[in-house]
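Data block below; observations after.
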Amino acid sequence: VRKQSQITAFFSPG
Amino acid sequence: MLELRLVQGNLLKKVLEAVKDLVTDANFDCSSTGFSLQAMDSSHVALVALLLRSEGFEHYRCDRNVSMGMNLNNMAKMLKCAGNDDIVTIKADDGSDTVTFMFESPNQDKIADFEMKLMDIDSEHLGIPEAEYHAIVRMPSSEFARICKDLSSIGDTVVISVTKEGVKFSTRGDIGNANVVCRQNTTVDKPEESTTIEMHEPVSLTFALRYMNSFTKATPLSSTVTISLSSELPVVVEYKIAEMGYIRFYLAPKIED
């Protein structure tokens, strides 16, 4: 099963 | 005081058509570098980054850095009122809660002002690190749009795999499955019709087709699209905007649970 990841898991605020 | 005059006003119309379905409200940032936007969709799965460099404008005045919150649907409504050949000027006074779009017909016989209310948008700006991508595919944007549209009639997700054979787009659904393989092809007469694949390592990633289809609304901005892939990183789908900059869409992959 694949789940959808979020952009915020890869790019952090800044 | 901010005053940005864009002779190719239809570029701005096309930019809005490309992002308005993905993002509802966004801050447009204006600095000496240019007119830019970074925004995520409401579920934080995709991110769009736009840059229109100051050098691409016929006149570019931006006295201080400003961030203008706009509802993109409303902005698109106003820009739709500009003719395709119109010159568009974006104007705002310091501290104003409105922005004005001025449309001038090419022979200057019609001038229109559309004033739009700005809004306060609390958005976080993400740092996008420089990455070495495992594979970079450059192909005609219309071909990429066609593949995304075709596959979305079969399934909900696309697996994009790059090997030395080429780039493969695969999907599966209730009615069956589909694979489209594009091979490197640089022998065509026109460079915008060629497909080039730069592969450092084979890579295979899964993405939601709904977002890919949304990105292809940027197709009128560029004859080619560049897809940059690295395992476990968001894919970058980039449309270059001639002489001015780019619109880049980042999409988070579907990963093993």
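Residue numbers start from 1 in every chain, and the chains themselves are labelled A, B, ... in the order their sequence lines are given, proteins ahead of strands. Since the model is a prediction, treat every value here as computed from it, not as a measurement.
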Q. Heavy-atom distance under 4.5 Å to chain B: side chain of A/Ser12, backbone, both or neither?
A. backbone
Q. Are A/Phe11 and B/Tyr250 an aromatic pair by the rule of ring centers under 6.0 Å?
A. yes
Q) What part of B/Thr157 is in contact with chain A, defined as an atom under 4.5 angstrom from a non-hydrogen atom: side chain, backbone, both or neither? A) neither
Q) Using 4.0 Å as the upper bound for N to carboxylate O, is an ion pair formed by B/Arg248 and B/Glu238? A) yes
Q) Is it true that B/Asp156 and B/Arg210 have a side-chain N and a carboxylate O under 4.0 angstrom from each other? A) no
Q.
Side chains of A/Ser5 and A/Phe10, heavy atoms from C-beta outward: is any pair under 4.5 Å?
A. yes
Q | Per-residue contact mode, B/Glu124 against chain A (heavy atom under 4.5 angstrom) | A | side chain
